[in-house]
Amino acid sequence: MKFRLLFSFLFLATITDISSQERVKNVILMIPDGTSSSILSLARWYKFGTCAADNCRLAIDLHICGMVSTFNSDSPIGDSAPTGSTYATGILSNTGFVATYPVSSGKERDLIQVDSLRTYHPLITLLEAAKLRGKFTGLVVTSEFTHATPADFSAHTFNRDDKEAIAIQIVYNNLNVVFGGGVNYLDPTVRKDGLDLMNVLRSRNYKLATTVDQFDALLPTDSLVFGLFANEYLPNNLDRNPSEVPSLAEMTRKAIKILSEDPNGFFLMVEGSKIDWSAHANDPIGTITEFLAFDDAVKEAISFANRDGNTAVVIVPDHGCGGITFGNHRSNGTYDVLPIQELIQPLRACKMTGEGISSMIKANPTDAEKIFFDYTSMHLSPEEIEDVSVAVNASDKYKLPATVANIINKRTYVGFTTEGHTGEDVMLAVFHPGQYRPSGVITNRQLNQYMSEILGIKDLNSLTEERFTIDTIALEGVTWTIQQTENSRLKLVIHATDKTRSHAEIEASTDYIMIFKREKPVKMIPLGSLAIFVEPLQHFFIPRLVGDILKEELLHEK
């Protein structure tokens, strides 16, 4: 307990009530996943000589104002699911938990005091709170739309890997714009449950875009859009075919054009998802170029915010990754005399990232040596040719990208200390029209508080209690059971107490009540937020108002 109190004290920051001038209509949260601060230096030097008057500043540079200590509820080194969830909900959580209250890992491990009565309860997110205030909402990512960070703002589960279930929640959460990858999670021929989420989206008046032509044809007035440009994740920017996949900057610009049509404002989360993936693979080319692609998206967001005058842009990684360094064992004795050309040219000579090169070698393994030289200008040694051959045939899908990255690293001055996440503080950059910005070192919880305040959202905890009430309380006074649907999903079935043969149903992960009379559906009532079934607790969490709605619909009908 003493440790927890000391930790809270060290990072305590008081954000007082703010004026109306400091509140904004729109917030764009931009997360370069897994970005350690060294990546910024590498990205600037990578650009050196290609910039006007050698001014290689990043779009993010002018707006860096502090640092964020980001961690799990039970570990100083965070997982993407709980660290992103903390930005979204203001509550720390466990590895794998998506917008869900943590489980205690024991007094010796917990970094916060965990309320056991709230364990596994879903938590309202900033995106969902903005939606309840009448704002448009959106997600733009380069991963699958079901991946941890986008899910953190739009879904609720203790298992970040249950992507099919996450897809259902995001589809029914009524977002205005979703751009990224992940067609497979909508496709009934691929999904294990056979659910046709494409048809669900069409029935809810969404436009679907899966090609660049369809993406380009989207209008600002197309207020419900799913644009997914790969079956799973998108290719890295350096490997991307622009005629097949839009860039993160293009998706960000399009999302802003659509969302800014709402006079009430909007909340948008943009993630450079694969900076982290490249850092996990220790791929210097992917790490640098994916960050630069993210920085191009930052430029789009800040350009809009400058013109708009009522938009804040918050840029912050969720954690570090890879322990990337500019300088490695090769530079031990010469670090201070190495010319820029020797440091950067081997990186710039690579025309694809390790992931892209690996895909080409996997498709044409007999041409591995030629492919490697064509895309890196590096000659493979006989030992390296053998290493690549072994990796091509390995059952581990990460073996070949790791092998390719390792070969590139041996010829550069970029270092990595781990293939996992790292626990250092991450940079914070904020554009605010009134220059109301955090400064110094704050925690991930406090950043959520800052974003809540500038959006005018006073209390996410109260919204959670209102929108995610356990079934035994929300349905007090009515008769209900939990049953399986025909496709094995779970539903709440609420029965009338008279002889009208009426009942109501709420399917898990949807946002509506269906009223039945004589077993026929007669009325659909929107809830405005999701109904979540929590498997470990065997309970539904639904809006508190459901009980009143059902009493009116089922008990007082004539």
Side-chain angles (χ1 to χ4, degrees), residues 15 18-32 35 40 43-44 47 50-68 87 126-127 130 133 135-142 176-177 179 218-221 223 237 246-272 291-317 426-439 442 447 450-457:
I15 302 177
I18 63 175
S19 68
S20 58
Q21 288 79 19
E22 290 164 338
R23 290 198 185 95
V24 292
K25 187 169 70 171
N26 314 310
V27 167
I28 304 173
L29 172 61
M30 308 190 75
I31 299 176
T35 293
L40 278 68
R44 288 190 208 97
K47 292 174 64 176
T50 65
C51 320
D54 287 334
N55 178 18
C56 293
R57 299 193 79 169
L58 303 169
I60 196 175
D61 283 346
L62 290 174
H63 310 287
I64 294 175
C65 59
M67 302 193 81
V68 177
Y87 291 148
L126 273 175
L127 182 148
R133 291 175 64 88
K135 295 180 182 291
F136 277 6
T137 58
L139 300 171
V140 176
V141 298
T142 52
N176 298 90
V177 174
F179 288 149
L218 293 173
L219 301 173
T221 52
S223 59
N237 191 63
S247 69
L248 183 62
E250 290 167 335
M251 292 189 292
T252 299
R253 181 169 63 246
K254 179 77 75 172
I256 290 171
K257 283 184 178 179
I258 293 171
L259 297 175
S260 60
E261 288 291 302
D262 186 352
N264 293 319
F266 66 86
F267 178 90
L268 171 65
M269 194 286 293
V270 177
E271 183 193 33
F291 179 78
L292 287 171
F294 173 83
D295 195 59
D296 287 341
V298 170
K299 185 176 181 181
E300 292 288 344
I302 290 177
S303 176
F304 168 80
N306 262 315
R307 297 192 308 271
D308 178 67
N310 206 359
T311 298
V313 182
V314 178
I315 307 137
V316 63
V426 296
M427 61 85 187
L428 170 66
V430 177
F431 172 92
H432 186 284
Q435 293 300 307
Y436 177 68
R437 308 188 300 172
S439 61
I442 64 171
L447 186 59
Y450 166 76
M451 291 186 288
S452 297
E453 288 196 331
I454 61 175
L455 272 173
I457 298 169

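- Residues passing the side chain to side chain contact (heavy atoms under 4.5 Å, CB included) test with Leu219, sequence neighbours excluded: Thr221, Asp222.
- Judged as a side-chain hydrogen bond (donor to acceptor under 3.5 Å, both in side chains), and not counting sequence neighbours, the contacts of Ser303 are Arg307.
- Looking at Met427 and Pro32, their side chains come closer than 4.5 Å, going by heavy atoms from C-beta outward.
- For the atom pair CD1 of Ile442 and CG of Leu447, the computed distance is 5.0 Å after rounding to the nearest 0.5 Å.
- When all heavy atoms are compared, the tightest approach of Val313 to Ala301 is CG2-O, 3.9 Å.
- Taking each heavy atom of Asn176 and Ser223 in turn, the nearest pair found is ND2-O, 3.0 Å.
- Taking the side chain to side chain contact (heavy atoms under 4.5 Å, CB included) definition, one finds that Ala429 meets it with Ile60, His63, Ile64, Ile315, sequence neighbours left out.
- Side chains of Asn306 and Phe431 form a contact here, defined as non-hydrogen atoms less than 4.5 Å apart.
- Aromatic ring pairs are classed by plane angle as parallel below 30°, tilted from 30° to 60° and perpendicular above 60°; the pair Phe294 and Phe291 is tilted.
- Shown are Met251, Glu300, Met30; of these, the side-chain contact (heavy atoms from CB on, under 4.5 Å) with Val270 is made only by Met30.
- Proximity of Asp296 to Leu248: side-chain heavy atoms (C-beta onward) are nowhere separated by under 4.5 Å.
- Across all non-hydrogen atoms, the minimal contact from Cys65 to Pro438 is SG-O, 3.2 Å.
- Pairs passing the salt bridge (Lys or Arg N to Asp or Glu O under 4.0 Å) check and including a residue from residues 260-272, sequence neighbours excluded, do not occur.
- In this structure, Ala130 and Ile457 approach most closely via the heavy-atom pair N-CD1, 4.1 Å.
- Looking at residues two or more places apart in sequence or on another chain, you find no side-chain hydrogen bond (donor to acceptor under 3.5 Å, both in side chains) involving Ser260.
- For the salt bridge (Lys or Arg N to Asp or Glu O under 4.0 Å) test, no residue two or more places apart in sequence or in another chain qualifies with Arg437.
- Listed for the Tyr436 side chain is no donor-acceptor partner under 3.5 Å among the backbone atoms of Arg23.
- Between Val426 and Thr35, every side-chain heavy-atom pair lies at or beyond the 4.5 Å cut-off.
- Residues satisfying the side chain to side chain contact (heavy atoms under 4.5 Å, CB included) test with Arg44, not counting sequence neighbours, are Leu40, Ser41, Leu58, Asp61.
- At distances below 3.5 Å, at least one donor-acceptor pair connects side-chain atoms of Lys135 with backbone N or O atoms of Lys25.
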task = Check the pair Ile31, Met269 against side-chain contact (heavy atoms from CB on, under 4.5 Å), reporting the backbone distance first and the verdict last.
result = CA-CA 8 Å; Ile31 299 176; Met269 194 286 293; 4.1 Å; yes
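- Residues that satisfy the side-chain hydrogen bond (donor to acceptor under 3.5 Å, both in side chains) test with Thr142, not counting sequence neighbours, are Ser273.
- In this structure, the side chains of Tyr87 and Val314 stay at 4.5 Å or more apart for every pair of heavy atoms.
- With rounding to the nearest 0.5 angstrom, the CG atom of Asn237 is 6.5 Å from the OG atom of Ser247.
- Here the closest non-hydrogen pair linking Leu127 and Gly138 is CD1-O, 3.9 Å.
- Evaluation of the side-chain hydrogen bond (donor to acceptor under 3.5 Å, both in side chains) rule for Asn26 yields Asp308, Thr311 as partners, not counting sequence neighbours.
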key: Residue pair Asn264, Phe136: steps toward the side-chain contact (heavy atoms from CB on, under 4.5 Å) verdict   = CA-CA 8 Å; Asn264 293 319; Phe136 277 6; over 6 Å; no
key: Check against side-chain contact (heavy atoms from CB on, under 4.5 Å), Ile28 and Ile302   = CA-CA 9 Å; Ile28 304 173; Ile302 290 177; over 6 Å; no
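- By the ring-ring contact (aromatic ring centres under 6.0 Å, His included) test, Phe179 pairs with Phe215, sequence neighbours left out.
- Across every non-hydrogen atom of Phe267 and Leu259, the tightest pair is O-CD1, 4.5 Å.
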